[in-house]
*Asks:* 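This is the structure, below, for whatever I ask next.
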Amino acid sequence: MKFTFKPSPNYRDKQSTQSIMIELMIGLLVVFAFGAFYYYSEFGVNYAIRAVLLLLTANVAAFLTEAVWYACCKKNVMKEISASFPAITATILTLMVSINTSYYALAVSTVIAILFGKLVFGGFGQNIFNPAAVGRAVLMTSFAGLVVADFATGATPTGAYASAGWISTSQAAFDTFAANFGGMSNLFVGMYPGAIGETSALVIILVGIYLSIRKVIDWRVPVTFVVTMFVLTFMVGAMHGQGLYYPIFHLISGGALFGAVFMMTDPVTNPTSAPGRIIFAMGCAILTVVIRIKANLPEGVLFSILIMNMLTPAIERLTDGKQIAMVKKNLLSMAIVLIVGFVSVGLCALAIEPKEVNAEVGNGGSSDGKDAPALSLGNPVSLGEDFARFDAQVESNENGVVTVKVKGYGLIDPEGHAGESGIDYGRNAFEITIDTSVNKIQSIKNTAFGDTPGFGDKATSQEYLDTFNDLDTTSLDQEIDTVTGATWTSKSVIAAVQAAITAVNN
């Protein structure tokens, strides 16, 4: 590997910190614009407005936090903020959250990110941890359940695949799983629900190339991360008979590329030397793979960055010295890191086993005999609530037997699959039998499942549907339990029941 050095005499760089941050901000806004456009085109203007309001919330919280801090420190507030760039942290944090994140949770996480991730260390340029990563960690660990139910995002690819143990039984099984998100091509383009800024690998790559050409970021970091992660996941896949799709899926799903381009390249929290940054990126890739396949976390990128941030001083000491004279030592250090990575990931890979996703699209939830997801009831809602957003459609109503189609949590309609084998992607179908002589529900059966495997099938399981038996159909003034972890889908079931009761009573 070739390292480039700039010996003295040095010259003034045309780029200033201000110009670098402006170009970085433009790149982030391009990624944000794609996310906002996707939600607008798929789910309507309310989703796009919410994305903008989340961005504004984070930025207001970031600027206010810094303003109060510098005011208390009796410093020139405007001057300090202009050199601190709080908007970068706020925007990155916003891009890492889902559209249904509450404003309160995002605001608090942003305050903590700015205050404890940056200001307490002395401000911009002196922080140890990536501030946005700190904020996301707080949001993930402290506000995981604090979401807005009126906005659905669908299960993320990494979250859904993690529920299957990260290994599928065959390529056919993987293709069936990927179809829930429009297939691998759609995963690359990013037209599916997820974190606002992490879904489109295509947009992130294009922005990353531009920022690298403009020397806003060091290209070595994302390239090293991507190559290392690809090789490691290819090894894991090969050990379990997986094809090339396996490492590609790891790279284009979740926050892998977003983290590589916008977070690992932070010049403040990663090493200053080229060899140090390469070792840093290798470490992030190794930890990401280990966390994904062994820890109880579907992502891994976030915590790999925070862990490597802690190791940055050690990497600096390892690579410190006359760089030209240390080329052999640095190459040896990289080789050792790679060997440790291969051994660690290989041992973790031995402990995982291929298994099927809980349910396939269109198979009727968990009625196919597979183990049903654990059912936990909570958060009751009124049967008379306005469920118009679920677009419940009564297909037939004969002798008290009502068939209803309703939107679920599977929000993707894969091109070329709609209508295949009777499947209506993104919709669940129910057969609801009502005994009109006693005005009670006799039974509910899920006849078609167009939801997200491992998530929506909790609320379409027969165990949950049986809780509606003997429900009084003379009044909508009743409370019905939803399913913890599948609130959106269970509300869609309730919407179907509401539509059936209304149809029979009319």
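Sequence positions, counted from 1, serve as the residue numbers for this chain.
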*Asks:* If I take atom NE2 from residue His240 and atom CE from residue Met235, how far apart are they, to the nearest 0.5 angstrom?
*Replies:* 9.5 Å
*Asks:* Name all pairs fulfilling the ring pair (Phe, Tyr, Trp, His ring centres under 6.0 Å) condition that reach into residues 261-286, sequence neighbours left out, sorted by first residue then second.
*Replies:*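 Every pair satisfying ring pair (Phe, Tyr, Trp, His ring centres under 6.0 Å) with a residue in residues 261-286: Phe258-Phe262.
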*Asks:* Can you tell me which residue pairs pass the side chain to side chain donor-acceptor pair (under 3.5 Å) test with a partner in residues 72-83, sequence neighbours excluded?
*Replies:* none
*Asks:* Write down the atom of Tyr40, the atom of Ala48, and the distance for their closest heavy-atom approach.
*Replies:*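 Minimum heavy-atom separation between Tyr40 and Ala48: CB-CB, 3.7 Å.
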*Asks:* Drop me the distance from Asn270's CG to Cys284's SG, to the nearest 0.5 angstrom.
*Replies:*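 It is 8.5 Å, given to the nearest 0.5 Å.
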*Asks:* Please identify each residue that fulfils side-chain hydrogen bond (donor to acceptor under 3.5 Å, both in side chains) with Thr65, with sequence neighbours left out.
*Replies:*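 In terms of side-chain hydrogen bond (donor to acceptor under 3.5 Å, both in side chains), with neighbours along the sequence ignored, Thr65 is linked to no residue.
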*Asks:* How far apart are the closest heavy atoms of Gly197 and Ile204, and which atoms are they?
*Replies:* O-CD1, 3.6 Å
*Asks:* I'd like to check Val216 versus Thr265 (side-chain heavy atoms, cut-off strictly below 4.5 Å). Are they in contact?
*Replies:* no
*Asks:* What donor-acceptor contacts under 3.5 angstrom involve side-chain atoms of residues 118-134, with partners at least two apart or in another chain?
*Replies:*
{"unit_1": "Lys118", "atom_1": "NZ", "unit_2": "Glu66", "atom_2": "OE2", "d": "2.7"}
{"unit_1": "Lys118", "atom_1": "NZ", "unit_2": "Ser84", "atom_2": "O", "d": "3.0"}
{"unit_1": "Lys118", "atom_1": "NZ", "unit_2": "Ser84", "atom_2": "OG", "d": "3.1"}
{"unit_1": "Gln126", "atom_1": "NE2", "unit_2": "Gly122", "atom_2": "O", "d": "3.1"}
{"unit_1": "Asn127", "atom_1": "ND2", "unit_2": "Phe129", "atom_2": "O", "d": "3.0"}
{"unit_1": "Asn130", "atom_1": "OD1", "unit_2": "Ala132", "atom_2": "N", "d": "3.1"}
{"unit_1": "Asn130", "atom_1": "OD1", "unit_2": "Ala133", "atom_2": "N", "d": "3.2"}
{"unit_1": "Asn130", "atom_1": "ND2", "unit_2": "Met263", "atom_2": "O", "d": "3.3"}

*Asks:* For the residue pair Thr158 / Ser253, report whether a side-chain donor-acceptor contact shorter than 3.5 Å exists.
*Replies:* no
*Asks:* Which value, rounded to the nearest 0.5 Å, describes the distance between Ile114 atom CD1 and Leu93 atom CG?
*Replies:* 9.0 Å
*Asks:* Do the non-hydrogen side-chain atoms of Met184 and Ile252 ever get within less than 4.5 Å of each other?
*Replies:* yes
*Asks:* Identify the heavy atoms of Thr57 and Ala107 that sit nearest to each other, and give their distance.
*Replies:*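 Of all heavy-atom pairs spanning Thr57 and Ala107, the closest is CG2-CB, 3.9 Å.
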*Asks:* Do Val231 and Phe342 touch side chain to side chain, with heavy atoms closer than 4.5 Å?
*Replies:* yes
*Asks:* What's the separation between atom CG in Asn330 and atom OG in Ser273, rounded to the nearest 0.5 Å?
*Replies:* 6.5 Å
*Asks:* Do any pairs count as a salt bridge (charged side-chain N to carboxylate O under 4.0 Å, His left out) and have a residue in residues 271-282, sequence neighbours left out, and if so which ones?
*Replies:*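 Listed once each, the pairs are Asp218-Arg277.
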*Asks:* Going by the rule side-chain hydrogen bond (donor to acceptor under 3.5 Å, both in side chains), which residues pair with Gln18 if we only count those two or more places apart in sequence or in a different chain?
*Replies:*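 So Gln18 forms no side-chain hydrogen bond (donor to acceptor under 3.5 Å, both in side chains) with any residue.
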*Asks:* Can you tell if the side chain of Ser200 reaches within under 4.5 Å of the side chain of Tyr38, non-hydrogen atoms only?
*Replies:*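 Side-chain contact under 4.5 Å: no.
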*Asks:* Could you give me the CA-CA distance, side-chain angles and deciding distance for Asn309 and Thr312, then say whether side-chain hydrogen bond (donor to acceptor under 3.5 Å, both in side chains) is met?
*Replies:* CA-CA 5 Å; Asn309 285 161; Thr312 292; 4.6 Å; no
*Asks:* Can you name the nearest heavy-atom pair linking Ala137 to Phe303, along with the distance?
*Replies:* CB-CE2, 4.3 Å
*Asks:* Does any donor atom in the side chain of Asp266 or Thr269 lie under 3.5 Å from an acceptor atom in the other side chain?
*Replies:* yes
*Asks:* Looking at Val97, is its backbone amide N or carbonyl O close enough to the side chain of Arg136 to form a donor-acceptor pair, meaning the two atoms are under 3.5 Å apart?
*Replies:*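 Answer holds: no.
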*Asks:* Per the ring pair (Phe, Tyr, Trp, His ring centres under 6.0 Å) rule, what does the pair list look like for residues 200-227, sequence neighbours excluded?
*Replies:* none
*Asks:* To the nearest 0.5 Å, what is the distance between OG (Ser333) and CD1 (Ile279)?
*Replies:*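 Answer rounded to 0.5 Å: 5.0 Å.
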*Asks:* Go through the steps for Phe234 and Ile248 under the test side-chain contact (heavy atoms from CB on, under 4.5 Å), then give the verdict.
*Replies:* CA-CA 9 Å; Phe234 180 83; Ile248 293 176; over 6 Å; no
*Asks:* Give the C-alpha distance, both sets of side-chain angles, the deciding distance and a yes or no for side-chain contact (heavy atoms from CB on, under 4.5 Å) between Ser109 and Ile112.
*Replies:* CA-CA 5 Å; Ser109 299; Ile112 294 175; 5.8 Å; no
*Asks:* Which pairs count as side chain to side chain donor-acceptor pair (under 3.5 Å) when at least one residue sits in residues 86-96, sequence neighbours excluded?
*Replies:* none
*Asks:* List in chain and number order the residues that pass ring-ring contact (aromatic ring centres under 6.0 Å, His included) with Tyr245, two or more places apart in sequence or in another chain; answer none if no residue qualifies.
*Replies:*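 Checked Tyr245 against ring-ring contact (aromatic ring centres under 6.0 Å, His included); matches are Phe174.
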*Asks:* Does CZ belonging to Phe188 count more than 12 external heavy atoms closer than 6.0 Å?
*Replies:* yes
*Asks:* Assess the residue pair Val226 and Leu257 against the criterion (side-chain contact (heavy atoms from CB on, under 4.5 Å)); give the C-alpha distance rounded to whole Å, side-chain angles, the decisive distance to 0.1 Å, and a yes or no.
*Replies:* CA-CA 8 Å; Val226 167; Leu257 291 177; 3.8 Å; yes
*Asks:* CE of Met308 to CG of Leu311: how many Å apart, nearest 0.5 Å?
*Replies:* 5.0 Å
*Asks:* If you take all heavy atoms of Leu54 and Ile99, which pair is closest and at what distance?
*Replies:*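 In this case the closest contact between Leu54 and Ile99 is CD1-O, 3.8 Å.
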*Asks:* Are the side chains of Leu29 and Leu55 in contact, using a 4.5 Å heavy-atom criterion?
*Replies:* yes
*Asks:* Using side-chain hydrogen bond (donor to acceptor under 3.5 Å, both in side chains) as the criterion, list what pairs up with Tyr246, not counting sequence neighbours.
*Replies:*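 Residues passing side-chain hydrogen bond (donor to acceptor under 3.5 Å, both in side chains) with Tyr246: His250.
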*Asks:* Just by modelled atom types, is the Gly341 backbone N or O under 3.5 Å from a matching donor or acceptor in the Ser344 side chain?
*Replies:* no
*Asks:* How about CZ on Phe37, more than 12 heavy atoms from neighbouring residues, nucleotides or ligands closer than 6.0 Å, or not?
*Replies:* no
*Asks:* Any side-chain heavy atom of Leu95 within less than 4.5 Å of one from Phe32?
*Replies:*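 Yes, side chains in contact.
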*Asks:* Do Phe63 and Val77 have side chains that approach each other closer than 4.5 Å (heavy atoms only, starting at C-beta)?
*Replies:* no
*Asks:* Apply side-chain hydrogen bond (donor to acceptor under 3.5 Å, both in side chains) to Ser41 and list each qualifying residue two or more places apart in sequence or on a separate chain.
*Replies:*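 Counting only residues at least two positions away or on another chain, Ser41 forms no side-chain hydrogen bond (donor to acceptor under 3.5 Å, both in side chains).
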*Asks:* Taking the side chain as every heavy atom from C-beta outward, state whether Val227 and Val223 have any pair of such atoms under 4.5 Å apart.
*Replies:*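 A side-chain contact exists here, since the closest heavy-atom pair is under 4.5 Å.
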*Asks:* Would you mind listing every salt bridge (charged side-chain N to carboxylate O under 4.0 Å, His left out) that reaches into residues 165-191, with sequence neighbours excluded?
*Replies:*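 Counting only pairs at least two positions apart or across chains, no salt bridge (charged side-chain N to carboxylate O under 4.0 Å, His left out) contact touches residues 165-191.
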*Asks:* Would Leu232 and Val236 count as a side-chain contact (heavy atoms from CB on, under 4.5 Å) here? Give the steps.
*Replies:* CA-CA 6 Å; Leu232 291 174; Val236 174; 5.7 Å; no
*Asks:* Nearest heavy-atom pair of Met264 and Val301: which atoms, and what distance?
*Replies:*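 For Met264 and Val301, the tightest heavy-atom pair comes out as CE-CG1, 3.9 Å.
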